[in-house]
Amino acid sequence: MIQKAIQEINRGCAEIIDEQRIEKLLKSYYEEGKTYTVKAGFDPTAPDLHLGHTVLLQKLATFQKYGARVQFLIGNFTATIGDPTGKSATRKVLTDEDIVKNITSYTTQAFKILDESKTDIVYNKEWLEALGAAGMLQLASNLTVARMLERDDFSKRYASNTPIAVSEFMYPLLQGYDSVHLQSDVEIGGTDQKFNLLMGRQLQKAYGLKKQQAVLMMPILEGLDGVQKMSKSLGNYIGVTDEPNDMFGKVLSISDDLMWRYYELLSTKSLEEIADMKEGVANGTLHPKKVKEELAFEITERFHNAELAQKAKEEFDKVHAKSQIPTDIDEFETEGEVWIAKALVDCNIEPSTSQARRDIKQGGVKINQEKVTDEKMQLSSGEYLLQVGKRKFAKLKVH
RNA sequence: GGUGGGAUAGUCAAGUGGCCAACGACGGCAGACUGUAAAUCUGCUCCCUAUGGGUUCAGAGGUUCGACUCCUCUUCCCACCA
């Protein structure tokens, strides 16, 4: 049992520091029923979760399955500083109201994965504010500048003359102090968090805790392009709140190679099952599309439900495999004769009449399934099915 | 506080008086192809009922027949020195 737990916990991990500690925690859980704590920090500035975030959440859920209580830490204090990994972006100061709103949306999304009854939501403002200037100085004395500069981000930025705010130096310290206050047994985070996570260990020792937290790092999930990390700003993400059809389609759009990566990090299928599928694809008995569809289904089901996932699958087949028309199409109405380009803009399927003309010239626009060739075409009264490319549809009623 | 450098389309980045709606790259869109919204190839990529017109190169003025390019001021960013 412990072996299986360790295997599942190890799955997809980039690095584990002090794995023995984790083994001991598991052992005392199975033998004495003792629970332990796993901490993970979240930034209240970004309430829109995407699958990249859920990698971490799923690992937390795995821990919960094996006896952990999750310390879901909201970094409402640290958010005001800005994590150094967040590059140079200056942070907007969030009002308390914003934060509350963000957190609510954050947690409702997170609880699709986490077991709420085994989760404690904690706010670091609570103890960090109480720390005061004296406490802050004491905290800072635990670290030398040379040590701080060892951190990859800092050394790179320092070498390339990119500015580093002194307050940014405080970030790892504060995050580490969170682990002291919470007496965390394990902390998990992304690989980019390594320095901060290790700081927790160092500080726990400095503040006299008997045991230091084990650290578990998850890799950064690649986005749909398979190269860059999944992020909203790069637009290569699958959002947790994406519509079922989008979600399903986006998963299917990833490359066959990337699919295995997603399986490892996002699927709840067992490692054996995945290995079997991999073999099936390799020796040609299993079609890769089939495997990808299964993944798409699993993910869509997780954030919506089985019924909607099934619908999304059918819809996808209909629209893409058989290039038929989707079921739900936005409908618009207008008075009098309209110019085709204008109509496309009005129906929100083209951004400007200039773009519309270009697409018509290239044969990318269809009305009632027929290619439009005349860019000056006028639509007189009647009902039309407008289409741009393969994916954008609209119904227009002209009176 | 001193000195120097910089700000160009979604992003990066060329352009140093007319040839500029502005090279190129990435991204995005469309077409072909495909099991796919992948890969690859091709075209397009400020706006406007358009072989033409309008508005752009941080902002405001100025020089000039003509400015992204020169001058002045303003704002913001960066580096070096203190």
Side-chain angles (χ1 to χ4, degrees), chain A residues 51 87-90 157-165 222-239 242-263 277 280-281 284-297 299-300 312-326 334 336-367 370-380 386-393:
Chain A
L51 290 190
K87 286 160 205 159
S88 55
T90 349
R157 281 167 65 183
Y158 192 68
S160 68
N161 291 327
T162 315
I164 302 169
E222 292 85 353
L224 299 174
D225 51 38
V227 182
Q228 286 182 283
K229 68 168 187 175
M230 185 176 282
S231 86
K232 201 174 175 188
S233 50
L234 292 173
N236 60 354
Y237 70 105
I238 301 178
D242 278 0
E243 293 297 311
N245 288 347
D246 277 345
M247 201 177 257
F248 193 90
K250 279 182 184 175
V251 176
L252 271 197
S253 80
I254 63 174
S255 72
D256 291 356
D257 280 343
L258 189 60
M259 158 173 92
W260 297 116
R261 178 94 172 135
Y262 276 34
Y263 256 115
M277 284 193 290
V281 170
T285 53
L286 200 55
H287 199 295
K289 189 185 179 199
K290 197 116 191 117
V291 181
K292 208 182 288 175
E293 272 176 350
E294 245 178 87
L295 177 67
F297 188 92
I299 290 174
T300 312
K313 180 174 156 25
E314 282 160 16
E315 186 76 7
F316 188 88
D317 282 344
K318 194 171 157 190
V319 179
H320 301 287
K322 298 178 191 142
S323 58
Q324 291 174 348
I325 316 150
T334 183
E337 220 175 47
V338 241
W339 175 42
I340 174 72
K342 187 89 173 39
L344 293 167
V345 175
D346 289 344
C347 295
N348 297 329
I349 51 179
E350 284 285 23
S352 69
T353 56
S354 298
Q355 180 66 40
R357 285 163 154 258
R358 272 179 229 123
D359 285 336
I360 292 170
K361 258 183 225 157
Q362 295 184 120
V365 174
K366 288 181 187 167
I367 292 181
E370 303 257 338
K371 218 171 249 182
V372 176
T373 46
D374 177 15
E375 63 181 56
K376 291 206 163 94
M377 184 176 185
Q378 297 286 334
L379 300 178
S380 45
L386 308 175
Q387 179 181 1
V388 177
K390 289 173 193 142
R391 296 157 54 192
K392 285 173 284 189
F393 292 86

Scan every strand shown for a Watson-Crick or G-U wobble partner of [N], both distances under 3.5 Å, and answer none if you come up empty.
| N | result |
| --- | --- |
| B:C29 | B:G43 |
| B:C20 | none |
| B:U56 | none |
| B:A50 | none |
| B:C76 | B:G6 |
| B:A13 | none |
| B:C70 | B:G62 |

Practice problem: Please list, chain by chain and in numerical order, all residues satisfying side-chain hydrogen bond (donor to acceptor under 3.5 Å, both in side chains) with A:E222, sequence neighbours excluded. | Solution: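 Per chain and number, A:E222 pairs via side-chain hydrogen bond (donor to acceptor under 3.5 Å, both in side chains) with A:R261.
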
Exercise. On RNA chain B, check which nucleotide each of A:V365 and A:H287 is closest to and give me the residue with the more 5' one.
Key: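 Its nucleotide being nearer the 5' end, the pick is A:V365.
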
Exercise. Using heavy atoms to find the nearest nucleotide of RNA chain B for A:P288 and A:K371 separately, return the residue whose nucleotide is more 5′.
Key: A:K371

Quiz prompt | Criterion side chain to side chain contact (heavy atoms under 4.5 Å, CB included) against A:E350, the qualifying member of A:R358, A:Q355, A:R357 | solution =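 Result for side chain to side chain contact (heavy atoms under 4.5 Å, CB included) with A:E350: A:Q355.
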
Exercise. Applying side chain to side chain contact (heavy atoms under 4.5 Å, CB included) between A:K250 and each of A:I299, A:T300, A:N245, A:D242, report the one that passes.
Key: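 Result: among A:I299, A:T300, A:N245, A:D242, A:D242 is the only option passing the side chain to side chain contact (heavy atoms under 4.5 Å, CB included) with A:K250.
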
Quiz prompt | Nucleotide B:U36, atom C1' - distance to CD of A:E315 in whole Å | solution =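 Value for this atom pair: 16 Å.
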
Please tabulate the protein-to-nucleotide N/O contacts below 3.5 Å involving nucleotides 41-43 of chain B, giving atom names and distances.
residue: B:G43; atom: N2; partner: A:Q362; partner atom: OE1; Å: 3.2
residue: B:G43; atom: N2; partner: A:Q362; partner atom: NE2; Å: 3.3
residue: B:G43; atom: N3; partner: A:Q362; partner atom: OE1; Å: 2.9

With rounding to whole Å, what would you report as the distance between [N] and [M] at their [atom1] atoms?
| N | M | atom1 | result |
| --- | --- | --- | --- |
| B:U42 | B:C48 | P | 29 Å |
| B:G17 | B:U69 | C1' | 6 Å |
| B:C33 | B:C41 | C1' | 9 Å |
| B:C68 | B:U55 | P | 13 Å |
| B:A60 | B:G27 | P | 34 Å |
| B:A13 | B:C81 | P | 24 Å |
| B:A30 | B:A39 | P | 14 Å |
| B:U56 | B:A21 | P | 13 Å |

Would you give the length of the straight line joining atom [atom1] of [X] to atom [atom2] of [Y], rounded to the nearest 0.5 angstrom?
| X | Y | atom1 | atom2 | answer |
| --- | --- | --- | --- | --- |
| A:E293 | A:M259 | CD | CE | 11.0 Å |
| A:F316 | A:M247 | CZ | CE | 15.0 Å |
| A:Y237 | A:M230 | OH | CE | 10.0 Å |

Practice problem: Would you indicate what A:K392 reaches in the nucleic acid, counting non-hydrogen atoms under 4.0 angstrom: base, sugar-phosphate, or nothing? | Solution: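 Sugar-phosphate, backbone atoms only, no base.
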
With sequence neighbours excluded, what pairs up with [X] under the salt bridge (charged side-chain N to carboxylate O under 4.0 Å, His left out) test?
| X | answer |
| --- | --- |
| A:D246 | none |
| A:E294 | A:K269 |
| A:D317 | A:K313 |
| A:K290 | none |

Name each donor-acceptor pair under 3.5 Å that joins a side chain in residues 336-348 of chain A to protein atoms two or more places apart or in another chain, with its distance.
residue: A:W339; atom: NE1; partner: A:E375; partner atom: O; Å: 2.8

Quiz prompt | Face-on cation placement of A:K292 at A:F297 ring, 6.0 Å and 45° thresholds | solution = no

Quiz item: Residues in side chain to side chain contact (heavy atoms under 4.5 Å, CB included) with A:L286, at least two apart?
Solution: A:M277, A:V281, A:V291

Would you tabulate the nitrogen or oxygen pairs shorter than 3.5 Å linking the protein to nucleotides 21-26 of chain B?
none

Exercise. Quick one: list whatever passes ring pair (Phe, Tyr, Trp, His ring centres under 6.0 Å) with A:Y263, sequence neighbours left out.
Key: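 Partners of A:Y263 by the ring pair (Phe, Tyr, Trp, His ring centres under 6.0 Å) criterion, ordered by chain and then number, come out as A:W260.
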
Anything under 3.5 Å between a protein N or O and an N or O of nucleotides 37-40 of chain B, put it in a table, one pair a line.
residue: B:A37; atom: OP1; partner: A:H320; partner atom: ND1; Å: 3.4
residue: B:A37; atom: O2'; partner: A:S253; partner atom: OG; Å: 3.4
residue: B:A37; atom: N7; partner: A:H320; partner atom: NE2; Å: 3.3
residue: B:A37; atom: N3; partner: A:R391; partner atom: NE; Å: 3.4
residue: B:A37; atom: N3; partner: A:R391; partner atom: NH2; Å: 3.3
residue: B:A38; atom: O4'; partner: A:S253; partner atom: O; Å: 3.1

Quiz prompt | Taking every non-hydrogen atom, the tightest pair across A:Y262 and A:I254 | solution =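 Residues A:Y262 and A:I254, closest heavy atoms: CD2-CD1, 3.8 Å.
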
Quiz item: What string of B, S and - do you get for nucleotides 47-56 of chain B 5' to 3' if you count protein non-hydrogen atoms under 4.0 Å?
Solution: SBBB------

